Structures are given as structure tokens and as C-alpha cells.
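In what follows, chains carry the letters A, B, and so on, assigned in the order in which the sequence lines appear, proteins first and then strands, with residues in each chain numbered from 1. Remember, it's a predicted structure, so these values are computed and weren't measured experimentally.
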Amino acid sequence: MRDVYIASSSMINISRHFNRGYKELAGAVVKDVVEGASVEQLDYMVVSSMLAESSLNQLDLATILTQHLGLKPMPAIRVDTGESSGLAAVEIAYSLITAGRADTVLVVGVEKATEFPTRVTNRFLSKVLDYEVEVLRNITPPNYAALIMKEYMKKYRVSREELTVWPVKMHDNALRNPYAQLKFKITPSKVLNAIKISEPITLYDMFPIGDGAAALILASSRVARKSGKEVLLVRDVVSATSRPLYLRDDITRFESLATLISMLRRKYGFRIDDAVCEIHDSYSIYAYIILEELGIARRGASYKEVENLVYVNVSGGLKARGHPFGATGVYQVSEVYNVMVKGVGGVKFDGAFGLTHSMSGPDYNSRLCLLERVV
Amino acid sequence: MRDVYIASSSMINISRHFNRGYKELAGAVVKDVVEGASVEQLDYMVVSSMLAESSLNQLDLATILTQHLGLKPMPAIRVDTGESSGLAAVEIAYSLITAGRADTVLVVGVEKATEFPTRVTNRFLSKVLDYEVEVLRNITPPNYAALIMKEYMKKYRVSREELTVWPVKMHDNALRNPYAQLKFKITPSKVLNAIKISEPITLYDMFPIGDGAAALILASSRVARKSGKEVLLVRDVVSATSRPLYLRDDITRFESLATLISMLRRKYGFRIDDAVCEIHDSYSIYAYIILEELGIARRGASYKEVENLVYVNVSGGLKARGHPFGATGVYQVSEVYNVMVKGVGGVKFDGAFGLTHSMSGPDYNSRLCLLERVV
Amino acid sequence: MRSSISIFWRRKDSYYKVLLTRCKRCGRASFFARDVCPYCGSSDVSIVKSSGRGRVVSYTVSYFRTDSNEEYLPLVIALVRLDEGVYVTGELRDVEPAEVREGMEVEAVLRRYSSDDPYGLIYYGLKFIPVIKRC
Amino acid sequence: MRSSISIFWRRKDSYYKVLLTRCKRCGRASFFARDVCPYCGSSDVSIVKSSGRGRVVSYTVSYFRTDSNEEYLPLVIALVRLDEGVYVTGELRDVEPAEVREGMEVEAVLRRYSSDDPYGLIYYGLKFIPVIKRC
Ligand SMILES: [Zn+2]
Ligand SMILES: [Zn+2]
């Protein structure tokens with residue numbers, strides 16, 4: 001298997017970009033990432049945009065982008081795994097290079113989540129659950145986060161107030177991230193008293209709706225060596241699916257994530273203490289569970305350790321950096337790349353590994369990307 | 001690079017399956033293809049379903065299918081390249097195996113194109129063109145086929161009547177295909193006098209709307225050897241994009257397809273005369289152009305050779321087998337597999353190669369899959 | 001018309017009755033009628049009708065607004081353990097949000113799911129309501 | 001509401017005027033306003049306004065029905081070569097389908113593109129009409 005490196009990354013600030021369409025957002029990061037990569041040609045483009053068909057009325061968005069950007073005859077594909085589509089794009093790009101089918105792959109995650117009023121975008125977003133079994137029966141994604149949160153509080157005797165530590169921390173982190181959507185501090189009481197989304201979940205337990213675009217160029221060793229980019233290796237990208245919530249024996253566990261992290265541990269002897277991480281905290285409660293599944297904290301006790309976590313969601317996470325659905329997984333990898341190679345807002349990680357976790361719904365599918373420093 | 005074989009294939013008849021949802025259609029072919037493969041486990045599922053979000057209100061359809069079919073924790077992904085999504089799924093499955101990331105990949109193409117009235121499905125289908133530049137300005141896919149057909153007739157001085165030979169032939173072929181949607185003979189006058197879609201294109205120059213599902217299991221040599229399936233090798237799957245119609249210098253050419261076929265010729269010394277082919281004849285005129293790009297016929301003269309073509313679209317093609325969008329590319333590979341290995345309706349191909357061509361819009365993107373007989 | 005009438009119609013038995021898939025291979029029962037067992041993938045299943053009765057395990061009062069649900073907010077969404085031991089998530093009606101309790105006995109009855117666009121249909125299906133104790 | 005008002009509004013200059021992207025690198029001009037040249041990918045482009053005049057190269061009379069266009073059928077869709085030498089596909093109005101001819105002189109004027117769902121907006125944009133010769 002051939003090694004894969006990150007040759008370049010680019011992001012724009014996540015925001016309600018009313019004046020820019022998906023072509024402008026994608027165009028901006030593509031231009032920037034190409035300039036940063038110093039590679040001679042691009043062999044393939046992998047695109048993720050979760051709401052392309054619903055919000056943009058666009059199928060085959062990948063081809064339309066090659067047309068718009070004058071990239072013909074570059075092969076291109078769009079992938080969809082719901083909210084984890086961005087990391088799925090990285091996964092496919094990685095596979096194309098390890099397969100020897102490409103030496104350089106352009107990964108573009110772009111989302112226009114604000115083309116319609118929020119209540120319409122909320123309906124589009126609900127399509128990540130099973131339409132026939134869940135959505136038609138009026139169940140929406142935050143309802144599941146709420147049920148999981150209540151079960152977690154009951155099981156581990158944790159109070160609602162104790163679970164405010166995550167969003168507060170994420171807002172603090174976002175202050176240092178130039179690309180973050182929510183750049184202001186919040187307090188525990190602000191979390192508790194914000195408008196309810198699905199109680200006990202409030203507005204500040206949930207990601208904001210925003211537009212964004214991020215791009216990466218992945219390169220084979222051959223190309224990375226030539227351009228001096230043999231720095232950060234994409235060691236692996238793995239993924240798994242799990243059962244719907246109502247078929248789970250324990251709703252406070254994320255089984256597919258558990259499967260994946262133990263796979264990476266076994267395969268690479270990798271320890272989570274050696275890693276800087278970006279995790280999929282679409283709702284506060286998911287952050288606590290993910291921290292526990294990854295082995296960063298003990299079960300039922302992760303909220304106690306949040307304040308001391310320096311290298312988890314340096315970006316501010318989905319909570320405060322934002323969650324431009326199909327772009328999120330690409331942002332995460334770009335962020336880990338930056339914090340390992342250049343430093344972000346005064347934080348630089350000098351350890352060996354970077355890990356990003358992306359999922360759709362409550363771990364309906366999860367994906368992990370393991371990055372490793374080479375020099 | 002590791003070799004990839006077809007271990008098993010399955011199809012259902014294309015039809016208006018009012019009583020069966022996408023889960024039942026996919027479930028039927030998955031059950032069948034798994035039984036046919038004699039492999040111990042499946043490592044990955046790649047799904048294509050072009051109208052999943054529009055017609056089914058379903059994102060992350062791949063995960064939802066693993067949940068429905070009890071396939072947890074199998075990793076799964078949906079790919080979208082418009083009308084060629086089915087072959088894009090084969091392309092990604094092939095890459096996952098050559099990359100060493102999987103030994104067996106389940107490919108599922110499933111489409112429910114009849115959940116809404118045809119005029120609604122027609123709007124969904126139009127999303128393969130650029131929404132902002134083309135669709136919003138009232139341009140639909142058959143309009144482009146019509147403009148190309150008129151230009152072709154003018155350039156090569158071919159009459160409308162001469163171009164009826166393709167659909168007539170396709171309906172003849174479909175009679176032998178148990179999975180075909182349109183199983184009746186037509187005549188040139190029936191084509192000419194059918195209702196107009198976008199003149200000079202009539203109803204019989206165009207694919208019918210139908211539901212379908214097809215599945216393949218691709219396997220690495222290691223697995224294929226064990227189960228005695230080292231028969232048909234997936235030699236390569238290649239893809240390219242091209243410019244929108246209004247930016248083309250010659251609209252009677254399909255440039256991305258031309259790029260791909262010359263790539264395969266160069267790389268494998270493969271000759272089209274040694275191959276049985278399935279091509280993407282969404283409109284009659286596209287068939288003539290594709291035959292010419294592939295080198296099966298001379299430019300402007302393909303209609304003269306159609307009657308003698310025995311090994312092109314044995315299935316009846318999109319025209320008469322049908323075009324269940326996201327499933328079509330998977331049907332094509334299954335059909336070539338069948339005609340090379342078992343024979344279909346009395347036709348068996350004993351030559352070395354099989355070729356399938358799938359595209360979206362008028363060659364907005366094209367994909368080619370080259371199959372090669374090993375024993 | 002956002003929802004396909006066909007999709008709804010095809011599954012109507014599952015919306016009008018609480019149906020379970022009982023697997024002969026792994027022995028587990030699961031909510032919704034399916035032709036494969038979502039636990040083990042076996043096709044050796046039978047569809048059985050649940051009593052529709054159970055108890056609230058947990059619930060949430062939802063204010064999450066979509067353009068399909070806005071006229072019904074807030075919704076109470078509950079995780080219910082049916083008497084058959086099977087879990088199901090669904091909507092709870094005919095009770096004030098403040099009066100819902102964990103452990104509350106509930107039963108399934110037919111209610112309106114949602115109306116579609118102005119010219120669309122109204123979909124009906126099962127929701128849970130508190131069991132009224134007859135003294 | 002099927003189309004986003006924002007999408008339409010953001011591109012309104014391109015719907016209300018015939019705009020071309022002229023590339024300083026490869027020298028080609030192309031239909032629609034873009035910030036990159038669709039021929040060569042260069043960002044060194046300028047947006048210029050076309051006269052909106054040209055000739056019909058080819059056309060088709062379309063009966064292809066969608067739930068967005070059914071009240072306007074049949075549509076005449078033409079491939080037009082603008083006086084600037086640039087090709088564009090678009091709708092031709094104010095002429096009977098039987099009277100359209102290749103080579104016909106046309107010019108761009110503002111017309112209704114489509115109405116959205118019952119509560120949606122009406123979108124206007126450029127279409128081509130025959131040039132009326134002033135004697
Ligand atoms: Zn079972
Ligand atoms: Zn240029």
C-alpha cells in the first residue's frame with residue numbers, strides 16, 4: 001500500500017455567506033489549496049456537500065464544479081454519508097491514492113446551509129435519519145440527542161448543569177480559531193437558559209447552521225517528496241455503521257465508533273494520549289460519549305476532565321467552529337493539519353498523531369482519520 | 001495493484017414496482033448476490049441511488065440500508081455522479097479492493113423513480129444539469145439531446161428516419177432480456193409518430209422511467225480464488241468530466257468519452273472488436289455518437305452499422321432495458337458479466353473483453369469499465 | 001408535495017398498527033415490519049402485531065422546528081418499552097408536556113402525523129397516548 | 001418553495017443581462033458570469049455585458065413536462081451564437097414554434113422564467129425573441 005500525505009489545506013470562515021454561492025465558496029478554497037500544494041497536476045476530485053440536492057437542486061455537483069472551475073477532464077465524484085460526508089470524501093481520496101489510481105486528489109467539502117430559512121434546512125437535515133421509520137413519524141435528530149442525554153444523566157447521576165462544561169469550553173476555543181462561526185464566550189447559565197431545542201438540550205448544546213468550504217490536497221509519497229510535503233501522513237481512514245437508536249441495547253454507547261478506535265489501536269499500536277483530536281460534537285452530550293469511547297475519559301466522568309483537555313477540538317468543534325455538514329469532515333482534517341504543522345491561535349501540538357472523528361446522526365455511521373507526523 | 005474479480009451479480013426486472021420500496025428492491029438483490037458469491041464476509045458496501053434525496057427524502061442511504069438489512073458494522077457509502085452513479089459505485093468498489101482496503105465489496109444500485117408523478121421525477125432528473133445556469137433557465141436534458149441530434153443530422157446529412165434504427169434494434173434485443181422494462185417490438189414509423197418529447201426526439205428515442213435494483217460482489221484475487229470465481233476480471237474503471245454543452249466547439253462529439261477510450265486502448269492494447277459492450281443510450285442520438293467515439297462505427301455512419309451489431313447492448317440498452325438512474329451502471333456490468341459467463345437469451349460472447357459505458361447528461365461525465373475474461 | 005404518497009401507502013400497515021419483526025434465527029423482535037431481521041440479517045422472520053401498550057422509558061419535549069412540524073410544536077418524543085419488551089421511539093399526544101412521567105403507561109392510537117404542502121395529503125398514523133385507568 | 005430565493009438573487013445580474021466571462025489568460029469568452037474561466041481555470045477574468053443579440057444556430061420545440069414548466073409548454077429552446085461569437089442555450093419566446101428558423105436574428109429581453117409553488121415567487125430573467133426589423 002502506498003503512503004498518502006497531506007500536501008495542502010484551505011478553509012474559509014464559517015458563516016452565513018448570503019452573498020456567495022457554493023461555486024464561490026468552493027472556488028475560493030480550491031484556488032488557495034492548489035496554490036499551497038505545489039503539485040503539477042490533480043488526478044481526481046472528491047466532493048462532499050450534504051444538502052446539494054435538497055438546497056442547491058444539484059445532482060452530480062462534482063462534475064458541475066469541474067465545469068465551473070475549468071478542471072476538465074478531471075474525474076470527479078460526490079460522496080454522501082450524511083453528516084460525515086466530508087470525512088468520507090477524505091476516505092475515498094485516500095483509497096484512490098493507496099490504490100495507485102491517483103497521485104494527487106483534491107478533496108472539497110462545501111455546504112450552503114442557509115439557502116432556505118432554518119426550518120426548511122432543519123427538514124433537509126432530518127433526512128439523515130430513516131425517513132420511513134423515523135422522520136415520517138415526526139422524529140428529528142435533536143430528539144435522539146435529548147433522549148441519550150437524559151439516559152446518560154440518569155445512568156451516571158450527572159446533573160444538567162455539570163454538562164454545560166463542554167459548550168463553554170468550545171466557545172473559548174473558537175475565540176482562537178479564525179475560521180470559527182461562533183466567536184464569543186458563553187457561561188453555564190447562558191447554556192441552561194437558552195431557548196430549548198429538545199429539552200434538556202438548549203440552543204447552546206447544538207451546532208449552529210452555517211455555510212462553509214474546506215479543501216485538501218492529498219498526495220502519494222512520490223509527489224509529496226518532490227514538493228517537500230512529506231510531513232503529515234494519512235495513516236488510515238476507517239468507517240463503520242451501527243443500528244438505529246431504538247434497536248440499541250445501551251443508548252449511551254456509540255458502538256461503531258468503539259469498533260473503529262479499537263481497530264486503530266490494534267493495527268497501529270496508537271495511544272490516544274499521543275494525539276490531537278477533532279471530534280463530532282454536534283450536541284454536547286455526543287462529545288461526552290465520544291470522549292469516553294475514544295478512551296480520553298472514563299465512562300460517565302468525561303465532564304470532569306473537559307477543562308483540562310488542551311488538544312481536543314482546538315477549533316471549537318461543531319459546537320462553536322460550526323457544522324457546515326458536508327464540509328465539516330474536511331475542516332477537521334485541515335484543523336488537525338494546521339495544529340500539528342503550524343499551530344493555531346497559539347496552540348501547537350508536537351506529538352505524533354492526529355485523529356479526527358466524524359459521524360452522522362447519533363453514530364449511525366462513524367469515521368476516523370488517523371494522521372501521523374513523519375518529520 | 002491487486003486484481004479484482006466479479007464474484008456474483010444479481011438484478012431484478014425493471015418496472016414500475018408500486019408495491020415495493022427501495023428497501024425491498026435492494027434487499028432482494030442483496031440476498032441473491034450474497035447467495036451467489038460464496039464469500040465468507042463482506043467488507044464494504046457502496047450504494048448508488050440518484051434520486052435518494054429528492055424522491056426518497058433519504059440522506060446517507062447506504063447506512064440506512066445496512067441498518068435495514070442487519071449488516072452492521074459494515075462500512076458503507078453512497079456515491080453520486082448523476083446518471084452514471086451506478087458505474088461510479090463500481091469504480092469506488094474497485095478502488096477499495098485495489099487499495100487493499102477490502103477483499104469483498106457489495107455494490108448496490110437501487111432506484112425508485114416512480115414514487116412521484118412523472119412530471120415531478122422529470123424535474124428531479126433535470127438536476128443533473130447545472131441548476132443555476134441551465135435548469136433555472138428552463139433547459140432540460142432532452143433539449144440538449146434534441147439540439148445535438150439536429151446538429152448531427154445537418155453535419156452528416158442523415159435523415160430523421162435513418163436514425164430510427166437504434167431504438168428498433170434495442171426493442172428487439174430487450175425481448176430476450178428477462179429484466180428489461182420494455183418488452184415489445186417497435187417499428188421506424190412507430191418511433192417517428194410517437195409523441196414528441198423535444199423535437200426531433202420522440203418518446204421512443206428516450207429511456208422509459210422505471211424502478212430497479214442490481215447488485216454485484218467484487219472480490220480480490222485471494223477471495224475469488226477460494227470460491228472459484230477467478231473468471232471475469234475488472235481490469236479498470238476510468239472516468240472523466242467535460243464542458244457544458246454551450247461551451248463545446250463541436251456538440252456532436254463526446255470528449256470525455258473519447259479521452260477515456262483512448263486511455264484504455266493505450267494502457268491495455270485493447271481492441272473494441274474483441275469486446276461485448278453496454279453503452280449509455282439515454283437518447284438514440286447518444287448511441288450513435290457513443291458508437292463513433294468508441295470506434296465501433298465511423299463518424300456520421302453509425303446508423304448504417306447498427307443492424308449488424310450483435311454484441312452491443314444485448315440487454316436492450318437504456319432505451320428498452322430501461323434506465324433506473326443510479327442502478328443503471330450496475331445493471332450494465334451485471335449484463336456484461338452474464339453474457340460473457342452464462343449467455344443471455346441465446347447470446348453468449350466468447351471473446352476476451354467486456355466494456356460498459358455510463359454517463360450523465362450529454363457526456364457531462366463519462367465512465368468506462370473494462371472487464372476481461374481470465375479463463 | 002414533499003412526501004411521496006406511495007411511500008406512505010406502502011408502509012401503511014406499519015403506521016396504522018404497531019408491527020414487530022420477529023426473527024427465527026436470532027430470536028429477537030424489533031420495531032417496524034421488515035423482511036429481514038435488523039439484528040442478524042436473516043430473512044426467516046415473521047411480522048407480528050404488538051398490543052401497542054408499553055411504558056415511557058424516557059422522553060423529550062421538542063421545539064425543533066421544521067416546515068413540516070411547525071403547527072404541532074412542542075412535540076413530546078418518547079422512548080417506549082412495549083409490553084413485548086421491544087423498544088420504539090414515537091410521539092406522545094393527549095398529555096401536557098409537564099405531565100409526562102417516566103414509567104407512565106401508554107398505548108398506541110391513530111393520530112395525524114403531518115400535513116404536507118397546501119395541496120398535499122394529511123398523513124395519519126400511530127402515536128402513543130397515556131392509558132386512562134378505568135376505576 | 002423549490003428554488004431558493006437567495007440562489008436566484010445572487011445571480012440576478014446573470015439572469016437580467018447577458019453576461020460573458022472574458023479570460024485574459026486563454027483569451028476565450030464564455031456565457032455566464034463566473035470568477036474563473038471555464039476553459040482554462042484562470043481567475044484572471046473580466047465580466048462583460050453582451051449586446052444580447054445573435055442568431056439561432058439550432059433549436060428544439062420541447063414538450064418535456066416538469067412540475068415547474070407545465071404551464072409554459074411547448075418551449076422553444078435554442079442554441080444561439082451571440083454577435084460576440086459566444087454560444088449560449090436559452091429559451092426563445094414571442095414566436096410560434098413553426099416560425100422559428102435557423103439563422104434567425106434574436107435579442108435578449110426580460111420574461112418570466114417560472115413561478116414557484118403556489119406561495120413561491122415568480123422569477124424573471126432573460127429570454128430571446130426575434131429581432132423585429134424596423135423598415
Ligand atoms: Zn435475527
Ligand atoms: Zn481561460
Side-chain angles (χ1 to χ4, degrees), chain A residues 12 15-35 40-42 45 49 51-58 61 63-74 76 106 108 110-124 209-211 213, chain D residues 1-16 19-47 64-70 79 86-90 113-123 125:
Chain A
I12 57 162
S15 179
R16 296 182 167 254
H17 288 282
F18 290 120
N19 295 320
R20 301 165 82 188
Y22 77 92
K23 291 173 179 168
E24 285 76 33
L25 299 186
V29 291
V30 167
K31 185 165 191 249
D32 190 49
V33 82
V34 167
E35 282 168 8
E40 276 161 30
Q41 69 163 60
L42 296 170
M45 176 161 73
S49 179
L51 302 181
E53 292 167 57
S54 306
S55 253
L56 307 174
N57 280 301
Q58 191 63 65
L61 186 96
T63 295
I64 302 301
L65 274 182
T66 66
Q67 293 182 339
H68 178 78
L69 299 172
L71 297 173
K72 163 197 106 78
M74 186 195 288
L106 172 61
V108 180
V110 58
E111 201 70 60
K112 280 295 298 180
T114 66
E115 297 290 25
F116 287 92
T118 300
R119 65 184 193 285
V120 178
T121 300
N122 283 347
R123 174 167 56 85
F124 294 161
I209 299 276
D211 305 326
Chain D
M1 192 170 50
R2 282 179 213 129
S3 299
S4 152
I5 295 163
S6 318
I7 290 178
F8 190 87
W9 192 247
R10 196 179 294 128
R11 305 278 179 230
K12 63 182 189 305
D13 283 353
S14 284
Y15 299 132
Y16 293 170
L19 295 182
L20 308 179
T21 301
R22 197 171 285 285
C23 178
K24 291 167 191 163
R25 183 160 86 187
C26 75
R28 297 196 73 165
S30 52
F31 172 62
F32 220 72
R34 291 181 174 83
D35 47 16
V36 270
C37 170
Y39 286 106
C40 75
S42 167
S43 302
D44 193 8
V45 297
S46 57
I47 306 302
F64 186 73
R65 186 177 300 272
T66 73
D67 60 346
S68 293
N69 75 13
E70 46 196 341
L79 177 64
V86 170
Y87 289 87
V88 49
T89 43
Y113 273 174
S114 69
S115 56
D116 212 311
D117 305 30
Y119 295 109
L121 289 193
I122 294 170
Y123 295 113

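- With rounding to the nearest 0.5 Å, the separation of SG in D:C40 from NZ in A:K72 is 12.0 Å.
- For A:L71, no part lies near chain D; criterion is any non-hydrogen pair under 4.5 Å.
- Each of D:R11, D:R34, D:R10 was scored for a salt bridge (Lys or Arg N to Asp or Glu O under 4.0 Å) with A:E24, with one residue passing: D:R11.
- Both the backbone and the side chain of A:E115 come within contact range of chain D, with heavy atoms under 4.5 Å apart.
- Residue A:N19 holds its CG atom at 10.0 Å from OG of D:S6, rounded to the nearest 0.5 Å.
- Heavy-atom distances place the backbone of A:S55, and not its side chain, under 4.5 Å from chain D.
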